[in-house]
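A, B, ... follow the sequence lines: proteins, then strands. Residue 1 opens every chain. Just so you know, these numbers use all the heavy atoms, side chains as well, and skip hydrogens, waters and symmetry mates.
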Protein chains: 2
Amino acid sequence: MPGSTNKSIKKRRWKRRKDARPGEILDAALMLFVERGFAATKLDDVARKAGLSKGSVYLYFENKETLFRAVVREMVLPEIKRVEQQVDRYRGPAQELVRKLVYQWWSMVGESRLSGVPKLLVSEASNFPELARFFVDQVIRRVRRVFVRVLQQGIDRGEFRECDVNHAVRVLIAPLVFAAIWQHSLYPFDKDPYDVRVFLDTHLDTFLNGLLNESGQKI
Amino acid sequence: MPGSTNKSIKKRRWKRRKDARPGEILDAALMLFVERGFAATKLDDVARKAGLSKGSVYLYFENKETLFRAVVREMVLPEIKRVEQQVDRYRGPAQELVRKLVYQWWSMVGESRLSGVPKLLVSEASNFPELARFFVDQVIRRVRRVFVRVLQQGIDRGEFRECDVNHAVRVLIAPLVFAAIWQHSLYPFDKDPYDVRVFLDTHLDTFLNGLLNESGQKI
DNA sequence: TCAATAAATGACTTTTTAGTCATTAAATAC
DNA sequence: GTATTTAATGACTAAAAAGTCATTTATTGA
């Protein structure tokens, strides 16, 4: 047999994949930053998880802080835009809209790898103030704005009773964010069973029922 | 005048205060750990904040991890016991009891230095699994138990409609914990005004109204 | 097939911070 | 007042992880 058979034995030590690297590094970094926090995450571990060496990470990101900022900015923004667009499409009774938005939010954000971002930002807010500002402005407040519109619509249409919409929205959103944070922190240590879907259902039931005006019709 | 007046001029370089040190170190450590997280907190900073030198911290705590565990265990347990006792004293209609418990929880936990602990544990759960387990068992689940009792009482007395009490309790508590976490993380970066008291009021209004029997059956 | 190019490496240096300990001096006892 | 004890210090060492770069080798293209 010619040498060609031997050639298949020698295995490449690595591949050159300039285009794929940044995304893979961001993915690995997101997972580890969410799990351990910024300071406790070793770049060596990020590199290993992304399937390359630490030195190579520095080919794509200036330093650890830059990588961290990139994780938040580049992973969050595209997703939040998608959510916003989806949300804009919905029409119908406010009550139903709220339900749909909540379920949708959970399946798009809560169950995706993005669900760790709230925990990450809560943890690192004071170490990365400008990122915290970015997140509040570009994510939280935009989500609030969407829900405020829906609630106000419900009130205008007589479905809901008059109330302080700005605070009602926070009450509506808090359990969603909480659920995401919980999943990535203390949930694994909680012995009591708990189903996020049922939790969200229960929240929606009490919240919507609590907002209905007396003549309010249920769906 | 006698020389005694001159004596007051020479100033001591430090005081020996064996008894007061541990508490002061724990206080300083709690504040910094909550603000920055475990890994990003330098023992030098803790020492400075506590008014002594780093070397002295090691006279009272074996190492940084031991200090961290002590912060959580020794600051949380006494407070949680106090809350539990206070809670046990209350009697009255379930609705009113829930309101009182929530307000009380906020003024005892939410507004005290203890309010940072939920954020701290959420952030460090996966780095300190046995502390996470401790916190869930000794704090979260005990708080839940108290509220479950109250809600069940309300149902038995016919005030509230039948519902999944275990999930309802989580819905009731989530915004409380969320508020505490929020205060210590993203709140300072949020431009929209927000009053925790009003937030809690709004939550109580919708939640309790949503649970009331007259309002109709669960969807 | 063989240069030329540049992606990738990993051993190395630097920086940072945890942890130590010989020394200092405040408090106490005689 | 002096000796003794020990709380407190801060300069030091050790360990760990960030960041660098000369070298290696996959890939390209002539």
Closest listed nucleotide, where the reference is the side chain of [X] and the choices are [options]:
X: A:Arg12; options: D:dT6, D:dT27, D:dG10; answer: D:dT27
X: A:Leu52; options: C:dT9, D:dG19, D:dA7; answer: C:dT9
X: B:Tyr60; options: D:dA7, D:dT24, D:dA17; answer: D:dA7
X: A:Tyr58; options: D:dT20, D:dT9, D:dT5; answer: D:dT20

Practice task
Would you classify B:Thr66 as touching base, sugar-phosphate or nothing, given that sugar-phosphate means primed atoms plus P, OP1 and OP2, and contacts are heavy atoms under 4.0 Å?
Solution key: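 Nothing, no nucleic acid heavy atom in range.
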Exercise for the section: Using a 4.0 Å heavy-atom cut-off across all strands, classify A:Leu59 as base, sugar-phosphate, or nothing. Expected result: base
Between [X] and [N], is there a contact of a side-chain N or O with OP1 or OP2 at under 4.0 Å?
X: B:Arg21; N: D:dA8; result: yes
X: A:Ser56; N: C:dT9; result: yes
X: B:Arg13; N: C:dA25; result: yes

To the nearest Å, how far apart are [X] [atom1] and [N] [atom2]?
X: B:Asp19; N: C:dA27; atom1: CG; atom2: P; result: 13 Å
X: A:Lys18; N: C:dT5; atom1: NZ; atom2: P; result: 16 Å
X: A:Asp44; N: D:dA16; atom1: CG; atom2: P; result: 13 Å
X: B:Lys15; N: D:dT6; atom1: NZ; atom2: C1'; result: 17 Å
X: A:Lys64; N: C:dT16; atom1: NZ; atom2: C1'; result: 12 Å
X: B:Leu67; N: C:dA18; atom1: CG; atom2: C1'; result: 13 Å
X: A:Lys42; N: D:dA15; atom1: NZ; atom2: P; result: 15 Å
X: B:Glu65; N: C:dT17; atom1: CD; atom2: P; result: 17 Å

Exercise for the section: Nearest 0.5 Å please: distance from the CZ atom of A:Arg170 over to the CG atom of A:Asp164. Expected result: 9.5 Å
Completion exercise
Rounding to 0.5 Å, atoms CD1 (A:Ile140) and CG (A:Leu121) come to a distance of 8.5 Å
Practice task
Establish whether the base of C:dG10 is bridged to the side chain of A:Lys54 by a donor-acceptor pair shorter than 3.5 Å.
Solution key: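 No.
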Handout entry: base_contact_polar (C:dA26 base, B:Arg16 side chain, donor-acceptor, <3.5 Å)
Key = yes
Practice task
Between B:Gly55 and A:Ala39, name the one whose nearest nucleotide on DNA chain D is closer to the 5' end.
Solution key: B:Gly55
Handout entry: Geometric class of the B:Tyr194/B:Tyr187 ring pair [parallel <30°, tilted 30-60°, perpendicular >60°]
Key = tilted
Exercise for the section: Classify the side-chain pair B:Gln85/B:Arg89 by whether it contains a donor and acceptor separated by less than 3.5 Å. Expected result: no
Exercise for the section: Mark yes or no for whether B:His167, through its side chain, and A:Asp201, through its backbone, hold a donor-acceptor pair below 3.5 Å. Expected result: no
